[in-house]
Chemist: 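My questions all concern the structure below.
Sequential numbering from 1 along the given sequence is applied to the chain's residues. Below, each value reflects all heavy atoms present in this structure, side chains not excepted, and no hydrogens, waters or symmetry copies.
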Amino acid sequence: GIGTGFVMGSYLTDWIKTEARVGKGWTEDTISSSLEAGIDYWGSWYLGLIYPITDFSTAYIQAGFSLLKGKTSRDEDASAFTSIPENLYASEFGLSCLSGFDIHVTGTWYITGELERLHNDTTTNIKTFAASIGVKYEY
């Protein structure tokens, strides 16, 4: 699905940063002809390590916690999906991790890219990943 997010964080040291994130899903994915699933919203907190690769780029890895609110839309033929709850996840809270990079563009502006495991529901075995590209401003 497609969504948007906002990240606010701080550098604790030159090598460690912390972040809070919120996001909103905009679309649902088609699982089958009788079931669609998506994410309403999420919130996350991360703590991680930063590593400067070059003078203009940085890589990082982070771990933390996320709270996701999912949703499903189904018709009468969705009887094969009875193990998937109406809100998509059996547990909406879980461990998260991500890796990413920043490329300096100009001044305090950066292009950023990330791959994130937002959630791993151990009851339904649904794993939620996110890939993102964005703009970052440091102040």
Side-chain angles (χ1 to χ4, degrees):
I2 296 174
T4 57
F6 178 75
V7 180
M8 179 75 97
S10 180
Y11 294 99
L12 302 177
T13 70
D14 288 342
W15 300 93
I16 300 173
K17 71 177 178 173
T18 185
E19 295 177 343
R21 298 168 172 243
V22 294
K24 166 110 178 84
W26 295 105
T27 62
E28 291 185 354
D29 290 324
T30 301
I31 308 301
S32 78
S33 60
S34 58
L35 178 67
E36 292 185 347
I39 298 174
D40 279 334
Y41 59 85
W42 68 90
S44 303
W45 171 83
Y46 286 102
L47 182 68
L49 299 173
I50 310 161
Y51 185 76
I53 299 171
T54 67
D55 290 343
F56 62 88
S57 63
T58 305
Y60 51 90
I61 57 170
Q62 299 177 174
F65 305 96
S66 291
L67 175 71
L68 277 77
K69 176 65 173 139
K71 61 183 173 184
T72 60
S73 302
R74 52 184 94 206
D75 61 22
E76 300 82 35
D77 297 332
S79 59
F81 301 103
T82 56
S83 63
I84 299 175
E86 288 290 322
N87 64 356
L88 187 59
Y89 303 108
S91 171
E92 296 173 345
F93 182 78
L95 298 174
S96 300
C97 58
L98 68 84
S99 63
F101 65 90
D102 295 333
I103 297 174
H104 184 248
V105 177
T106 184
T108 55
W109 291 92
Y110 297 81
I111 299 291
T112 186
E114 295 177 341
L115 181 58
E116 177 177 15
R117 188 193 76 194
L118 223 85
H119 189 64
N120 182 17
D121 192 337
T122 56
T123 303
T124 61
N125 204 27
I126 296 172
K127 295 170 181 55
T128 305
F129 290 89
S132 61
I133 294 176
V135 177
K136 177 173 142 181
Y137 174 76
E138 290 188 352
Y139 58 94

Chemist: With a 4.5 Å cut-off on side-chain heavy atoms, are Val135 and Val105 touching?
Modeler: no
Chemist: Identify the two heavy atoms, one from Ser96 and one from Tyr46, that lie closest to each other, and give their separation to 0.1 Å.
Modeler: CB-OH, 3.1 Å
Chemist: What is the distance from atom OG1 of Thr128 to atom CG of Leu118, rounded to the nearest 0.5 Å?
Modeler: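 Reported to 0.5 Å precision, the distance equals 6.5 Å.
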Chemist: What distance do Ser66 atom OG and Glu92 atom CD have between them, rounded to the nearest 0.5 Å?
Modeler: 12.0 Å
Chemist: Does a side-chain heavy-atom distance below 4.5 Å link Leu115 with Leu98?
Modeler: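 The answer is no, as the side chains (C-beta and beyond) never meet within the 4.5 Å cut-off.
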Chemist: Between CG of Asp40 and CG of Leu68, what distance do you get to the nearest 0.5 Å?
Modeler: 10.0 Å
Chemist: Testing the basics here: between Tyr11 and Lys17, what is the closest heavy-atom pair and its distance to 0.1 Å?
Modeler: CD2-CB, 3.9 Å
Chemist: Is Tyr137 reachable from Val22 through a run of I, L, V, M, F, W or Y residues, each pair having side-chain heavy atoms under 4.5 Å apart?
Modeler: yes
Chemist: Parallel, tilted or perpendicular for Phe65 and Phe93, by the 30°/60° rule?
Modeler: parallel
Chemist: Distance-only, no hydrogens or angles: does the Thr58 side chain make a donor-acceptor pair with backbone N or O of Asp102 under 3.5 Å?
Modeler: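 It does not hold such a pair.
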Chemist: Restricting to non-hydrogen atoms, name the atom on Gly48 and the atom on Gln62 that form the minimum distance, rounded to 0.1 Å.
Modeler: CA-CG, 3.6 Å
Chemist: Looking at Glu114 and Lys136, does any basic side-chain N land under 4.0 Å from a carboxylate oxygen?
Modeler: no
Chemist: When rounded to the nearest 0.5 angstrom, what is the spacing between OG1 in Thr27 and CD1 in Ile2?
Modeler: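 It is 5.0 Å, given to the nearest 0.5 Å.
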Chemist: Do Leu95 and Arg117 have side-chain heavy atoms sitting under 4.5 Å apart?
Modeler: yes
Chemist: When you compare the side chain of Thr108 with that of Tyr139, does any pair of heavy atoms fall below 4.5 Å?
Modeler: no
Chemist: Using a 4.5 Å cut-off on heavy atoms from C-beta on, say whether the side chain of His119 contacts that of Trp42.
Modeler: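 Side chain of Trp42 against side chain of His119, heavy atoms only: no contact under 4.5 Å found.
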Chemist: State which residues pass side-chain contact (heavy atoms from CB on, under 4.5 Å) with Thr54; sequence neighbours excluded, sorted by chain then number.
Modeler: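 Once residues adjacent in sequence are excluded, the partners of Thr54 under the side-chain contact (heavy atoms from CB on, under 4.5 Å) criterion are Phe56, Ser57.
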Chemist: What are the two closest non-hydrogen atoms of Leu47 and Leu12, and how far apart are they?
Modeler: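 For Leu47 versus Leu12, the nearest heavy atoms are CD1-CD1, 3.7 Å.
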Chemist: With rounding to the nearest 0.5 angstrom, report the CZ to CD1 distance, Phe101 to Ile111.
Modeler: 9.0 Å
Chemist: Measuring only between side-chain heavy atoms, which start at C-beta, is Tyr51 closer than 4.5 Å to Leu49?
Modeler: no
Chemist: Do the side chain of Thr4 and the main chain of Gly25 share a donor and acceptor less than 3.5 angstrom apart?
Modeler: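 A pair under 3.5 Å: no.
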